[in-house]
Structures are given as structure tokens and as C-alpha cells.
Amino acid sequence: METLRNWGAIAPGLVALAAFAALACSSQGDGTTEAGGSAGGLAGPGTSGSGATGGSSATGGSSATDGSSGVTGGVGGSGGRPSSGDAGAGGMGAGSGSGGSGGEAQSAGCGSATAPKSGRFSIDVGGATREYILAVPDGYDSNRAYRLIFTWHPRGGSAEQVATGFGGGYYGLQSRAAGSAIFVSPEGIDQGWANTGGRDIAFLRAMLDRLRAELCIDESRIFSTGFSYGGMMSYAIGCAMGDVFRAIAPMSGALYSGCDNGDHPVAMWGSHGDADNVVPLDNGRTARDVFLERNGCDQQTKPVDPSPCVSYEGCDAGYPVVWCEFSGGHAMPSNSGESIWRFFSQF
């Protein structure tokens, strides 16, 4: 597998990406679609005021770092991710929202008495200052290992848009997590995730190093999701960091943020509209196929809830691929928050 697989199939989509970059902030809407037009603009109105959910303000304040310090020394991942047992019916098995059960791989931050609070933080990445919003559960317990979920904004969007909008915050996942997960909403360069020279993957690795050192994270349950450019970043993460991330859930994404060499399986839930004129469906399917191959899946599928989602058969145990190809354009499915949480929470 070479970097940016199937480039010939992807290149036409870059034309569409350039088009939606121009459209990105052209109108306001409900935040469920990215390009302008009748469906509404991507940013939506939810970018002012209240700051990050789940704790203190998302802007500045005593909980925010001043950006002067570098990345905390990394803590090597301990591995130990669960791989036995089937993932259930297409990865839609119920999850209670409780903390991860047996097999937890606790980070170095477990037991720390100086865990950060929710807020907006900055971090130095190779001399560049990058920012992210962190949401730590109310009643955070430093002796309990939490899921860690990265949520990436679409083109023209923002970290705050994801933290405070999209179905109640963090793509509708925070309320469903019921205090069982720590959420991170990173801020893109030029409101996107071009990942030029791997800069956004480097940003992710820097955040992981810091969060592992400061918070109690179950390292066998780290996840990524995002819409459009955020979905592209999630695909790039699955390609480059399948040994770290347990599952990804890209919506209306493609491989425009890159796809580094790698062969580690990663569970995937993906969605794409069949009439998407911003990120063509064929480019979404190309990205999906990377993980069908990596996870050892067959081409046979079976229907799973909600319709019209399907689960691919024959995948490596514990690494399902669920694909939800719906009737519509460049948008998130109406049931995405519930579906993604159920997929993530089975692990």
C-alpha cells in the first residue's frame, strides 16, 4: 500500500475539494452539511459564547495553557488492545456508556493529582502553536481509565463548532457517553486538515503524548470521528495509526488528508451520501476499501441497523467495517451520533 492509495481515483476529488473550500463559509445553516446552497453552510450558528461543553469555558481562563511549554514527554502505548471475539451485528452492539471493562491499558496519567480541567489549550508542534478544546467528564476520577475520542471539524469549521454543536456537542457523542469518555476537538490550520507534510498527524501525536501523561486514559479505547475534512482526517489516522486507534468513524470523507503506509487493522464505521457533489461517493468508497483490505474483510455484506447500513463479513475478529451509504448529498446521517456511539462503545 503506497501513500495516498489509488491516487488516480482520488485526484478528481481534489477538484471538488477546492470547490467546497471556496463554498465552505458561504452560508449559515444547521451545521449538518458542509458546502453552501440549499442544504445550509457548514459552520452553522453555534460558534459563539458558551465555550466547550462538559466543564469550564473553552476560551482562555485558568485552565488553558499559555503555549509556552512544549509537548510533555511521550508515554509509549502499552498495546494490549482487545482483538478476540466478534464485534457483533455490524458493530451496532449496545453499549451502556460505562467505562471500559477488562483489558484496560492505563496511561501514565492515571493517579495524577494535577489533571487538567476542560478548556482550550495550546501546544507546540515543531515550532508551530496548535490549539485544541478538551472536555473532561464532570466528576473525573484519576484512577478510572476513560475512553479518549478525537472529533475533527469540517472544512471552514472550528473546534468550538464541534464542541458546542452537532447534536449537543462532539457530534452528539458527549451526551451519550454519560461521563465515560474524554473528548478532544482540535483546531485545524486554515480551518481544515490538509495534513501537509504530515503536520496534522504530528499534531495528533503531540496531543496524545500530553494527554497520556496528564489524564487517565484507556489506551486500548482511543477513537476518531469527523465530518467531511474531519472524516478525511479520521481516514488518515486509521491509515497511519491503526496500532493506536481502536476505531474510526469518518462521515463523507476521502483520502485527501493522506493515507500513510500501514497494515494494522482498525475497526471502521463510515457513511457517505450517494448524491454527494462535494466529496464524490467513489472517493469515499476508495477510502473504505483501504480498511476492507486491511481488516481482511470479504465483499459479502449483511444489513444492520439502521438501514441502509451494511456490515462486511469475514473481517478479522474485533475489527468490523460498517458502511452506511444513504440517499442524500454532502451531509451527516440524521442518526450518526447514536450509530457512532454504539459502534465505539462495543469496544
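What you see below is based on every heavy atom in this structure, not just the backbone, and it leaves out hydrogens, waters and symmetry mates.
Distance check: Leu215 CG to Leu148 CG gives 8.0 Å after rounding to the nearest 0.5 Å. For the atom pair CG (Asp305) and SG (Cys324), the distance works out to 10.5 Å, reported to the nearest 0.5 Å. To the nearest 0.5 angstrom, Phe245 atom CZ is 10.5 Å from Ile149 atom CD1. The CZ atom of Phe344 sits 11.5 Å away from atom OG of Ser339, with the distance rounded to the nearest 0.5 Å. Interatomic distance, Ser185 OG to Gln174 CD, rounded to the nearest 0.5 Å: 10.5 Å. Atom CG of residue Leu292 and atom CG of residue Asp298 lie 9.5 Å apart, to the nearest 0.5 angstrom.
Across Ala267 and Phe347, no two heavy atoms sit closer than the pair CB-CZ, 3.5 Å. Residues Phe291 and Met268 come closest through the heavy atom pair CD1-SD, 3.8 Å. Across Met207 and Pro186, no two heavy atoms sit closer than the pair CE-CG, 3.8 Å. The minimum heavy-atom distance linking Asn195 with Ser257 is given by the pair ND2-O, 3.0 Å. Ser180 approaches Ala177 most closely through the heavy-atom pair OG-O, 2.7 Å. Leu173 and Gly337 make their closest contact through CD2-O, 3.4 Å (heavy atoms, listed as atom of the first residue, atom of the second, distance).
Annotation: side chain of Asp260 is not in contact with side chain of Met241 (no heavy-atom distance under 4.5 Å). Taking the side chain as every heavy atom from C-beta outward, Arg130 and Asp200 approach each other to under 4.5 Å. A 4.5 Å side-chain heavy-atom check between Arg147 and Ile182 finds every atom pair outside the cut-off. Residues Ser336 and Met251 are in side-chain contact: their nearest non-hydrogen atoms beyond the backbone lie under 4.5 Å apart. Phe326 is not listed as a side-chain neighbour of Asp274, based on a closest heavy-atom distance of 4.5 Å or more. Side-chain contact between Glu325 and Arg285 is present, with heavy atoms from C-beta onward closer than 4.5 Å. Cys110 places none of its side-chain heavy atoms less than 4.5 Å from the side chain of Ser142. In this structure, Phe203 and Ile189 have side chains that are not in contact, with every pair of non-hydrogen atoms separated by 4.5 Å or more.
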**Message:** I'd like to know whether Arg294 forms a side-chain contact (heavy atoms from CB on, under 4.5 Å) with Cys239, so could you lay out the CA-CA distance, the side-chain angles of the two residues, the decisive distance to 0.1 Å, and finally the verdict.
**Reply:** CA-CA 9 Å; Arg294 189 173 291 192; Cys239 289; 4.3 Å; yes
(message) Pair His272, Val279 - check side-chain contact (heavy atoms from CB on, under 4.5 Å), show working.
(response) CA-CA 9 Å; His272 214 111; Val279 180; 3.8 Å; yes
Dump the intermediate steps for side-chain contact (heavy atoms from CB on, under 4.5 Å) on Tyr319 and Arg246, then the final yes or no.
CA-CA 8 Å; Tyr319 296 99; Arg246 187 64 184 84; 3.2 Å; yes
Item to complete: Evaluate the salt bridge (charged side-chain N to carboxylate O under 4.0 Å, His left out) criterion for residues Asp141 and Arg144: first the C-alpha distance (whole Å), next the side-chain angles of each, then the deciding distance (0.1 Å), finally the verdict.
Response: CA-CA 6 Å; Asp141 179 355; Arg144 171 188 177 186; over 6 Å; no
Practice problem: Using the side-chain contact (heavy atoms from CB on, under 4.5 Å) rule, take Ile217 and Gln106 through it: C-alpha gap first, then chi angles, then the decisive distance, then the call. | Solution: CA-CA 6 Å; Ile217 295 163; Gln106 294 191 351; over 6 Å; no
The test is ring pair (Phe, Tyr, Trp, His ring centres under 6.0 Å); show your working for Tyr140 and Tyr146 and say whether it passes.
CA-CA 9 Å; Tyr140 169 79; Tyr146 292 80; 5.2 Å; yes
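Phe227 has its ring centre no less than 6.0 Å from the ring centre of Phe166.
Remark: Arg288 is positioned above the aromatic ring of Trp323, its terminal NZ or CZ atom under 6.0 angstrom from the ring centre and at most 45 degrees off the axis.
For Ser252 (side chain) and Asp276 (main-chain N/O), no donor-acceptor pair under 3.5 Å exists by modelled atom type. Of the possible polar contacts, one joining the Ser234 side chain to the Gly230 backbone as a donor-acceptor pair under 3.5 Å is found. With hydrogens and angles disregarded, a donor-acceptor distance shorter than 3.5 Å links the side chain of Ser118 to the backbone of Val136. Although no hydrogens or angles enter the test, the distance criterion places a donor-acceptor pair under 3.5 Å between the side chain of His153 and the main chain of Gly188. Checked by atom type and distance alone, the side chain of Thr151 never pairs as donor or acceptor with a backbone atom of Tyr170 at under 3.5 Å. Counting only distance, with no hydrogens or angles, the side chain of Asn295 and the backbone of Cys297 share no donor-acceptor pair below 3.5 Å. Side-chain atoms of Asn335 do not come within 3.5 Å of backbone N or O of Glu338 as any donor-acceptor pair.
Side chains of Asn283 and Tyr256: a donor-acceptor N/O pair is present below 3.5 angstrom, by distance only. For the residue pair Asp243 and His264, no side-chain donor N or O sits within less than 3.5 Å of a side-chain acceptor on the partner. Between the side chains of Ser224 and Trp152, at least one donor N or O sits under 3.5 Å from an acceptor N or O. Side-chain polar atoms of Arg210 and Tyr132 form a donor-acceptor pair below 3.5 angstrom.
Each salt bridge (charged side-chain N to carboxylate O under 4.0 Å, His left out) pair with one or both residues in residues 183-192, not counting sequence neighbours, appears once here: Arg120-Glu187.
For Thr196, the side chain to side chain contact (heavy atoms under 4.5 Å, CB included) criterion is met by Ala194, Arg199, not counting sequence neighbours. Partners of Ala287 by side chain to side chain contact (heavy atoms under 4.5 Å, CB included), not counting sequence neighbours, listed by chain and number: Tyr235, Leu255.
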